[in-house]
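Below, chain A is the first sequence line, B the second, and so on; all start at residue 1.
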Amino acid sequence: MQLRDIVSNPYLTRGEELLGIIYKLRMVSAEQLSVIMGISKKYVFQLKSDLNKEGEMVLTHYNTQRGARRVPFSPEYKLGPRMYSLGPSGRAIVEAIVGHPVYLKKLTGRQKVHYYGVNDILVRTLQHLIKEEGGEKDSMAQLQAWDRLQWLNSQEAVEIINQAWTPILENRKKKEEKETKQDLIHPDSRIVLDGQGFWLEYDNGTEQIGEPDSEPDSEGKVTTIYDKMWRYLLTLIPIENHDPIIWVTPSPIRRDNMKHTWEKVKEESSYKTYPEMYFCTPGEEQTIFFKHKLATQRCLELSETY
DNA sequence: CATATTGGAACGGAAAGATT
DNA sequence: AATCTTTCCGTTCCAATATG
């Protein structure tokens, strides 16, 4: 069960839907929830308030700092939005929805900004699709948009990669298998748009590329961009996955630095082909998604003429 | 009609800023 | 550094409206 199976699921109440989405996204702002659920921000507040009358369902993480550092929030915010995460009382409800045990991981301060940035890629894409399907208040448009969109969180993206690696690892020793699996990349998210998959990396770090990434990955490892790019190659090339990788960062300087780092990685390696990598500031990724869509459409049209 | 959703206005928690 | 004050960003209560 993935995000889109929770959104507008007729078997769930709005409250359950809210908890399910918070679980899938780990941390999310009220505004983002309102777009994802297709309701007003006000109603999100109402649902949260009602839920918390039954226990600690939704936890609030107060305003993320908005200092000198570049941050993905809209300029209307002087501080940051509050972020919600799943509270202890919500756990059992979410377990009933997804059908497996759920663990509440501790979330640190910097992760708030990170999740906000990752979620916003989803929010922008969803809004784009809803517009294409003909309207914001139209619930039909919402459903059709979700028909065209899949969103997998980091853990779900890793599961896909692990599955693809399983046949390769079968003949290897257990220890080696474990080591290889640990070296595989952990994308921040995977999005599938009209059948085209993309791996997503959201980066909120400083302009210095060589510096260790300030955001440790899910295993607590501290990595550099350079390192991550190598891991993408080592992960995707053996399983012949050709989905593009989209890097999103709020800093244009960092975006350009990443581009250079990628050129360097390509020079230092010797593969025949490379996955496509794109480097964007928030919002620019929509052009990539759209361009890709047109490209695949043209291919289809061409093949149909034969 | 019942339930789902939104609106209005007073209220509150946390962080930033000011003052001692 | 400790305490007070202000600001930000919601939160809450409850009534009004929309929707099936």
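Summarising the geometry, the separation between NZ on A/Lys48 and P on C/dG10 is reported as 10 Å, rounded to the nearest angstrom. Rounded to whole angstrom, the span from the NZ atom of A/Lys112 across to the P atom of B/dA14 amounts to 12 Å. Note: CG (A/Leu51) to P (B/dT5) measures 13 Å, nearest angstrom. Summarising the geometry, the separation between CG on A/Leu33 and P on B/dT6 is reported as 14 Å, rounded to the nearest angstrom. As a whole-Å value, the separation of A/Glu54 CD from C/dT12 C1' is 16 Å. Atom NZ of A/Lys41 and atom P of B/dG7 are 13 Å apart (whole Å). Residue A/Phe73 contributes atom CZ, which lies 12 Å from atom C1' of C/dC9 at whole-angstrom precision. As a whole-Å value, the separation of A/Tyr84 OH from C/dC9 P is 13 Å.
Minimum atom distance to the side chain of A/Asn63 is reached by B/dA15, of the listed C/dC13, C/dT11, B/dA15. Listed nucleotides C/dC14, C/dG10, C/dC8 differ in distance to A/Lys78; the shortest reach to its side chain belongs to C/dC8. Taking every side-chain heavy atom of A/Thr60 into account, C/dT11 is the closest of C/dT11, C/dC8, C/dT12. Out of C/dT11, C/dC9, B/dT6, the shortest distance to the side chain of A/Ile39 is found at B/dT6. Distance from the side chain of A/Tyr43 is smallest for B/dT5 among the nucleotides C/dG10, B/dT5, C/dT11.
For A/Ser40 and B/dT6, the shortest distance from a side-chain N or O to OP1 or OP2 is below 4.0 Å. Side-chain N/O atoms of A/Arg82 include one lying less than 4.0 angstrom from OP1 or OP2 on C/dT11. In this model, the phosphate group of C/dC9 is not approached by any side-chain N or O of A/Lys42 to a distance below 4.0 Å at OP1 or OP2. The side chain of A/Tyr62 contributes no N or O atom lying less than 4.0 Å from OP1 or OP2 of B/dA14. Look at A/Arg14 and you'll find a side-chain N or O under 4.0 angstrom from OP1 or OP2 of B/dT5.
Enclosure of atom OH in A/Tyr271 by more than 12 non-hydrogen atoms of other residues, nucleotides or ligands within 6.0 angstrom is indicated.
For A/Gln46 and C/dC14, a side-chain-to-base donor-acceptor distance below 3.5 Å is present, hydrogens and geometry of angles not being considered.
Formation of a donor-acceptor pair under 3.5 Å by the A/Asp120 side chain with backbone atoms of A/Val123 is not found in this model. Looking at A/Thr249, its side chain does come within 3.5 Å of a backbone N or O of A/Asp203 through a donor-acceptor pair.
The residue among A/Asp50 and A/Glu76 whose nearest nucleotide of DNA chain C is located toward the 5' end is A/Glu76.
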>> Please evaluate residues A/Trp199 and A/Asn241 with respect to the criterion side-chain hydrogen bond (donor to acceptor under 3.5 Å, both in side chains), reporting the C-alpha separation (whole Å), side-chain torsions for both, the decisive distance (0.1 Å), and the verdict.
In response: CA-CA 10 Å; A/Trp199 305 106; A/Asn241 178 294; 3.2 Å; yes
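Contact record, A/Ile185 with A/Glu201: CG1-OE2, 4.4 Å, taken as the closest heavy-atom pair.
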